[in-house]
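Working notes, beginning with the structure itself.
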Amino acid sequence: MQDPCQAREVLGIVGDKWALLIVRMLKDGPRRFTELKRAVDGISQRMLTVTLRDLERDGILTRTVLNAMPPHVSYELTTMGRTLREATAPLLEWSITHLPRIDAAREAYDERSIN
């Protein structure tokens, strides 16, 4: 029987904001590095590279290199990656829906903390 505490490794993926945003951006099929960089607002080139490598290592996505000039590299969700997308889609939608309320709550909290 697996140790339930080992789930923290998987939760590390689910809890990583960049990983979930990348998984979301790959929902419609393969995308190139530059497309992902433009689509994921605020991510640095280094963080995108690190996150893509981690997701590839975990079996969430595949990296395909086509021999062309310049080389064409694309990323695509694996079957397991698609199930992660399905499992986390409600969390991402909840985040988008509640962002205005979260921002308002933070602002109210900060106002109380200043006074």
Side-chain angles (χ1 to χ4, degrees):
M1 185 156 133
Q2 290 279 338
D3 178 1
C5 290
Q6 288 179 321
R8 71 180 174 268
E9 299 222 8
V10 174
L11 293 173
I13 299 167
V14 176
D16 183 283
K17 66 180 177 184
W18 299 124
L20 288 186
L21 291 173
I22 291 167
V23 167
R24 184 172 193 239
M25 293 301 148
L26 292 172
K27 70 179 179 164
D28 294 324
R31 294 185 83 171
R32 295 181 68 174
F33 184 92
T34 52
E35 292 176 299
L36 290 169
K37 176 79 172 76
R38 275 186 257 122
V40 181
D41 188 40
I43 194 167
S44 68
Q45 184 165 333
R46 181 185 179 290
M47 185 53 65
L48 179 56
T49 299
V50 168
T51 305
L52 288 169
R53 283 182 186 157
D54 289 347
L55 290 171
E56 183 181 11
R57 181 175 182 255
D58 291 339
I60 304 300
L61 59 80
T62 57
R63 177 180 185 264
T64 303
V65 180
L66 297 177
N67 285 333
M69 280 312 251
H72 178 98
V73 180
S74 65
Y75 299 88
E76 184 173 15
L77 293 176
T78 61
T79 300
M80 186 169 54
R82 287 190 293 279
T83 64
L84 175 61
R85 162 75 180 105
E86 292 167 11
T88 58
L91 176 61
L92 289 167
E93 293 306 316
W94 181 92
S95 301
I96 292 165
T97 299
H98 290 87
L99 189 56
R101 292 178 65 193
I102 292 168
D103 286 341
R106 288 175 176 174
E107 190 175 310
Y109 179 88
D110 292 347
E111 282 294 318
R112 286 193 312 268
S113 296
I114 293 171
N115 298 328

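Counting begins at 1 with the first residue of the sequence.
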**Request:** Spell out, as yes or no, whether a donor-acceptor pair under 3.5 Å connects the side chain of T51 to the backbone of L48.
**Result:** no
**Message:** Would you say that E76 contacts L26 through its side chain, given a criterion of any heavy-atom pair below 4.5 Å between the two side chains?
**Reply:** no
**Complete:** Rounded to the nearest 0.5 Å, the CZ atom of R85 sits from the CG atom of L20 at a distance of 10.0 Å
**Prompt:** Does some side-chain heavy atom of D54 sit less than 4.5 Å from a side-chain heavy atom of D16?
**Reply:** no
**Prompt:** More than 12 heavy atoms of other residues, nucleotides or ligands under 6.0 Å from CG of D41: is that the case?
**Reply:** no
**Asked** Should M47 and M25 be regarded as members of a common hydrophobic cluster, given that ILVMFWY residues are connected when their side-chain heavy atoms come within less than 4.5 Å of each other, either directly or indirectly?
**Response** yes
**Asked** If you measure from CG on L55 to OG1 on T62, what distance do you get to the nearest 0.5 Å?
**Response** 11.5 Å
**Item:** Closest contact, heavy atoms only, K37 versus Q45
**Value:** CE-N, 3.6 Å
**Separation between NZ of K17 and CG of L21, rounded to the nearest 0.5 Å** = 8.5 Å
**Item:** Check: R82 side chain, L77 main-chain N or O, donor-acceptor pair, under 3.5 Å
**Value:** yes
**Request:** Determine whether the side chains of T49 and R46 contain a donor N or O and an acceptor N or O closer than 3.5 Å.
**Result:** no
**Request:** Look at the side chain of T88 and the backbone N and O of L91, then say whether any donor-acceptor pair between them is shorter than 3.5 Å.
**Result:** no
**Item:** Sidechain-backbone polar pair: S74 side chain, R31 backbone, donor-acceptor under 3.5 Å
**Value:** no
**Within one Ile-Leu-Val-Met-Phe-Trp-Tyr cluster: V65 and Y75, side-chain cutoff 4.5 Å** = yes
**Gap between atom CH2 of W94 and atom CD1 of I102 - 0.5 Å precision** = 4.0 Å
**Asked** What distance do L52 atom CG and I22 atom CD1 have between them, rounded to the nearest 0.5 Å?
**Response** 4.5 Å
**Message:** For the CD1 atom of I60 and the OG1 atom of T79, what is their distance to the nearest 0.5 Å?
**Reply:** 11.0 Å
**Asked** Hey, does T83 have a side-chain heavy atom less than 4.5 Å from the side chain of M80?
**Response** yes
